[in-house]
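Here's the structure we're looking at; comments come further down.
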Amino acid sequence: MKNFFIVLAMKLLNIALKICGKHGGNFLGKIAFDWNPEIFKYFKVNCPVIAVTATNGKTMTNNAIGYVFQTAGKKIISNKEGNNMETGILSTLLKSCTLTGKIKADYLVFEVDEGYVPVVFKDFPLDTLVILDFFRDQLDRNGEVESLILKINDFLKKYTGNLVLNNDDPNVARLGMANPDNQNIYYFHVDRYPYATDNMKEAGEGKFCPFCKTRLEYEYYQYSHIGKFTCPNCGYGNNEIYKETKNINLNEMTFEIDDVLYKIKSNSIYIIYNFTAVIACCSLYNIDTKYMQEALSKFELNNGRLEKLVIKDAPTIINLAKNPTGSNVSLRLLNEDSEEKELLFVLNDNKADGFDVSWIWDINFDNLNNVKRIITAGTRGYDIAIRIKTAGFDENKIEAYLDLEQAVKSLYTNSSKKYVIANYTSLQPTRTEILKSKNRS
Ligand SMILES: [Zn+2]
């Protein structure tokens, strides 16, 4: 009875918020969870629940899975806005359930923060968990990567649902061994892409075998510690692959899985990994590949995640980067592009970013390809400028600003190509400022 009143109260509150023109965000979930931490038990779900977790790529993968299902004519409920902690997911459920807690959809698809998987799914059914990658991220909030992985590993010991794992990340593939009785493990793999390297180019985590501590051997690295690895001692890494991406063509922006050709709107290896996970996940539900082809050919996030714009004749690519790997993935794309270009890097150190910005020293700014100027901005705009200078970039070609508007104005004094990297709290202000330049004469 108590839960009935909580749901009723939250629904009324949601209506009140709407009237005031406010978007609830995590708010409803926060109140409900404080009221009863076991409220997840109240919901009655009669469809598969799918969750995506990772350090990087959760929002994109979650939304692309949802989009494939929608393209196939399915009704989904999803936290597309990215509220991915227990309170955010609870808010989504509270808004979509009936007063008796029934949720009607064909699929529930959630992105879940790495640290909250065990919290959300303690009392809530989970049919498929997709895990993409683990990197160092905002250390002062998440703690070390290893403790996060162990938390999820503990949760998985009793889990028997589908587990879709990136077999090219040693931190992820190991989770397939958490419960030896789980028969529903599905590994995905991406074949060597044209810019893969023989040595690790960027900072990464997975240097040693998690089972026998032997140094892992890599056939190649795609980016960071993601690549084809095996343990020479115990054979870890040689898993049976469920979905394998082949024939990646960056110019045509195509790849193949099971001899089906996918044409997408990006040439980033990072997105190809996300989409491989999407295809592996949707294949488990027998979604026809024609819907996957159609959905992925159109899919774009348009919220500053590898978003492409043209501002005053200058092609512009904006990407969120809240950790070294996110930044390195953006710089990789920049370096794979031989055209002359300029870079804007915006770095804030607000609470949601983490106050510790020492991670910028793990970004690989060496040998930038045909970059004629770098502009920096944000509350730590000077720190990132010093980092870039230390990497050997000509300091006469670096401009540092505290004021974002000035930085963006300077960026668009010519029409050469722009790459923009912004961290968490700086992303939307940067994007807004860039869109403003569109109308500025
Ligand atoms: Zn080993």
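For ligands, and for the atoms within them, numbers begin at 1 and follow the listed sequence. Keep in mind that what you see is a predicted model, and the values were worked out from it rather than measured.
- Between the side chains of E399 and Y401, a donor-acceptor pair is found at a separation under 3.5 Å.
- Counting non-hydrogen atoms of neighbouring residues, nucleotides and ligands closer than 6.0 angstrom, the NZ atom of K102 reaches no more than 12 such neighbours.
- A cation-pi arrangement is found for K44 relative to Y42, the charged atom lying closer than 6.0 Å to the ring centre and inside a 45° cone about the ring normal.
- Between L427 and A422, the closest heavy-atom pair is CA-CB, 3.8 Å.
- Looking only at atom types and distance, the side chain of N323 has a donor-acceptor partner in the side chain of N56 under 3.5 Å away.
- Note on the Zn ion (ligand 1): protein N/O/S atoms under 2.8 Å are C209 SG, C212 SG, C231 SG, C234 SG.
- Electrostatic pairing of D353 and K322 does not count as a salt bridge here, judged by no charged N lying under 4.0 Å from a carboxylate O.
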